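As structure tokens, the structure follows; a few thoughts come after it.
Computed from a predicted structure; not experimentally measured.
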Amino acid sequence: MQYIQAVLILLCALAGAGSAGYIAWTRRLKHVWPKRDQIKIINKAGLWTGIWEVLSQKKVIANRPGAGVFHFAVFYGFVTFGLKSVTHFFNGLLDLQHPIGLGPLDYVLDGVAVLVLLGVIALAIRRYTVMRNQLTHMLESGIVLALIAGLMVTYLVERFVPGMEDLNNTGAMVNWWIHFLILCGFPSLIAYGKHFHLVVGPVNVVLKHMTEIPGDRAVPGIDLDMSDEDATEEYFEAELARVGMPNGVSDFSFHTLFDPAACIECGRCNDACPSAEAGLKPREHFVLAFRDPDANEEALVELAPPDIVSTCTQCRACDTVCPVGNRPSKAGLELRSRMTAAGVYPPRALKDTGASPVSSTGNIFAADSSDRTQFIEDNSIPIYDAEEHDILFILGCQGSYSPDVRPVVVATARLLEAAGVKYGVLEDETCWGEGLLHGGGVFEDWPFYKIEKVEELSDSLGEDHTKKILTVCPHCRDNVSTQLSAAAVEMGKAPFTGVMSHITLLLELIESGKLKIEMSKEEVAVHHPCKTIHNDETAAFDTLLAKAGVTGVTSGKSPTTPACCGGGGGGYLWDSPAKVSKNRFQTIMEETQKDKIVTGCPGCHRMLAVAKDEDTKIEDISTMLFERLQGGGSGEKKEEEPTPAK
């Protein structure tokens, strides 16, 4: 009888493991595995950061503390009961009379079992009452919760019901088999449904920290090569297919395809999305849309409609709140790019007000370049000379032409002069393309555009790509340091390694003693730009405020979770149906009750200026510092007001 029982136990265990492995491979991993070479480890220290995030479950708890605590209990139930499950298997296989003891750990497991059981009950109540309209997979989740409860109950029965510890007892063996069969069947259910995140989620969290550091993200498809006039038409078609999606979902990258397997479907990303009112749902459009590897191009466009995809501001709030390391905004960036190559993106409104003005005039405002020239002359801003100047000051479209942002340029220039910094601007400057790439994907002219921009910048720097490049616009900064640097490498040149924001440079100048700022107490509302958060400059921004004597009052969950102005992802290029700027301004006003908002990005400045009321003032960190320049900022080297853009 013992041998028959042992054979049955082995067959059940092998069947359970084989079934789970087959389901996991065919449904979740088969189409992802061939793309594993796309995993690029750039931050080895991220291993420990990721492991700590998994062990602490801090993302799970942070955004929904109540449910998070119960998930914490269930998670550690799985972890701690792993060893107990092994001993349970051998109890039956070896036909032992009494369960294998684990010493003091048994008492720990007793407590864990009670906590897990309470957690399961609480999660079930929450799922089928207050969250029944927000959560998915109700039947599957109910079965999973019931099975977890079954494991805990059978364990507690074995531990505390008299006589149930004697495995020669019929009742005890029935209890043992119930527990064992649940263990055998559970993995298959996990592999089949959304609860596969219990296995994949921790891996994804660690990968997120090891494959990404603070900064901009390379836009998929930026290596599109259409510049060789001698290339055949077949080559061009193959290039477009490579960066497009002729095969649908299966064409996408490892990370975009791995995220659906890790997704817990909790909806935190949807809750955090500033474009939710326009219908954007990061969970559905940027994660679950990629779950079916057989979905073709037409099916994918139906799952993620271009008009809705276009409202994403690339703020990364969805990435920030995800408890399993998913990066929906990164998948959204790839989706936009591949849709563009496929010819189904961007929407006409975004194309007409974004790419078209840049193609015709070189800037997003369709302004005459002579207007920028006049602005530079009126404010005595020097033209850059690689041999004479230490810093190339890039103005960007908004710094060159926007009446709201030109004072930021002038203030920054005066601060540089006060610190004795030798700088200059380009005599002629066209759009650096960040809004076009992040908003509209790899636009039609990009293969030629990137070559022209790299050569223009390289020539201006005297071929020295290590020289400092200053921007007041983090969008320009990111495109030069990431997209154009990648293009430079493609062309056999070095990347542009000296690109920096005015936030970082001004702080360096103040802390080195080169720039003297007088403290003047003031309390203002602060809007931390998403790009500042992405580039890990929040602390620098706040330090500048403190050195100026300014107390900043934040709103929403910013800067822990980005709170977008609506200008990111190309949002400042068109009248997006997602009225993010209006909502953000209202939130700032309601929560801070201040009549001045300080930010550090021209895009934010412009978007909030459009949404604000007439009594509120929008100011950049540089203009605030200039007002406090020792010796009198506004009285020193007084210049004409910037000429309005035509």
Side-chain angles (χ1 to χ4, degrees), residues 215-217 219 313-315 354 357-358 362-365 367 372 375-376 381 384 391-413 415-416 423 425-426 429-439 453 456-457 468-485 496 498-507 527-535 537-538 540-541 544 562 564-573 581 598-610 618-625 642 645:
D216 192 28
R217 290 168 171 166
V219 176
T313 64
Q314 286 295 306
C315 66
V358 173
N363 64 81
I364 62 175
F365 298 104
R372 177 182 180 276
F375 164 64
I376 292 171
I381 298 175
Y384 181 76
I391 290 179
L392 170 59
F393 185 8
I394 284 178
L395 307 186
C397 294
Q398 301 192 77
S400 296
Y401 299 102
S402 171
D404 291 325
V405 182
R406 281 179 165 180
V408 178
V409 170
V410 175
T412 304
L415 290 168
L416 293 177
Y423 75 97
V425 301
L426 294 172
E429 182 181 342
T430 55
C431 181
W432 298 99
E434 190 275 347
L436 301 180
L437 281 176
H438 280 250
K453 297 302 291 182
E456 171 192 339
L457 197 52
K468 287 185 178 179
I469 301 172
L470 174 67
T471 73
V472 293
C473 177
H475 297 267
C476 296
R477 169 203 160 153
D478 282 354
N479 227 47
V480 174
S481 63
T482 303
Q483 322 302 344
L484 293 182
S485 281
F496 301 105
V499 189
M500 63 194 314
S501 73
H502 67 316
I503 294 172
T504 297
L505 180 60
L506 292 175
L507 182 59
H527 171 77
H528 290 93
C530 297
K531 291 280 188 181
T532 301
I533 298 171
H534 302 166
N535 289 317
E537 291 184 312
T538 302
F541 184 91
L544 282 176
C564 192
C565 69
Y572 58 75
L573 297 177
S581 60
V598 177
T599 186
C601 167
C604 298
H605 197 127
R606 182 177 168 211
M607 297 300 290
L608 292 174
V610 170
I618 313 295
E619 192 167 349
D620 187 84
I621 188 68
S622 63
T623 55
M624 178 165 277
L625 292 173

[Y] and [X], any side-chain heavy atoms less than 4.5 Å apart:
X    : Y    : answer
L395 : V472 : no
V499 : I394 : no
P602 : P474 : yes

What pair of heavy atoms forms the shortest contact from [X] to [Y], and how long is it?
X    : Y    : answer
L608 : S581 : CD2-O, 4.4 Å
V409 : F393 : O-CE2, 3.9 Å
V219 : Q483 : N-OE1, 3.1 Å
I503 : G600 : CD1-O, 4.1 Å
P562 : I533 : CA-CD1, 3.8 Å
D620 : C601 : OD1-N, 3.7 Å

Q) Going by distance alone, is a donor N or O of one side chain under 3.5 Å from an acceptor N or O of the other, for R372 and S400? A) yes
Quick one: does any side-chain atom of [X] pair with a main-chain N or O of [Y] as donor and acceptor, under 3.5 Å?
X    : Y    : value
H534 : C315 : yes
N535 : E537 : no
E429 : G396 : yes
E619 : H605 : no
T599 : H527 : yes
S485 : V480 : yes
K453 : T430 : yes
N479 : W432 : yes
T504 : S501 : no
T532 : T538 : no

Q: Check the pair L436 / L573 against side-chain contact (heavy atoms from CB on, under 4.5 Å), numbers first and verdict last.
A: CA-CA 8 Å; L436 301 180; L573 297 177; 3.8 Å; yes
[atom1] of [X] to [atom2] of [Y]: how many Å apart, nearest 0.5 Å?
X    : Y    : atom1 : atom2 : result
C530 : Q314 : SG    : CD    : 10.0 Å
L505 : S622 : CG    : OG    : 11.5 Å
D404 : Q398 : CG    : CD    : 9.0 Å
M500 : S481 : CE    : OG    : 12.0 Å
L484 : E434 : CG    : CD    : 11.0 Å
S402 : Y572 : OG    : OH    : 11.5 Å

Q: Check ring-ring contact (aromatic ring centres under 6.0 Å, His included) between H438 and all other residues, then give those that pass, not counting sequence neighbours.
A: none
(Q) Among L470, I469, V425, which residue satisfies the side chain to side chain contact (heavy atoms under 4.5 Å, CB included) criterion with I391? (A) L470
Q | side chain to side chain contact (heavy atoms under 4.5 Å, CB included) involving L625 - partner list, sequence neighbours excluded | A | L415, L506, I510, I517, L544, A548, I621
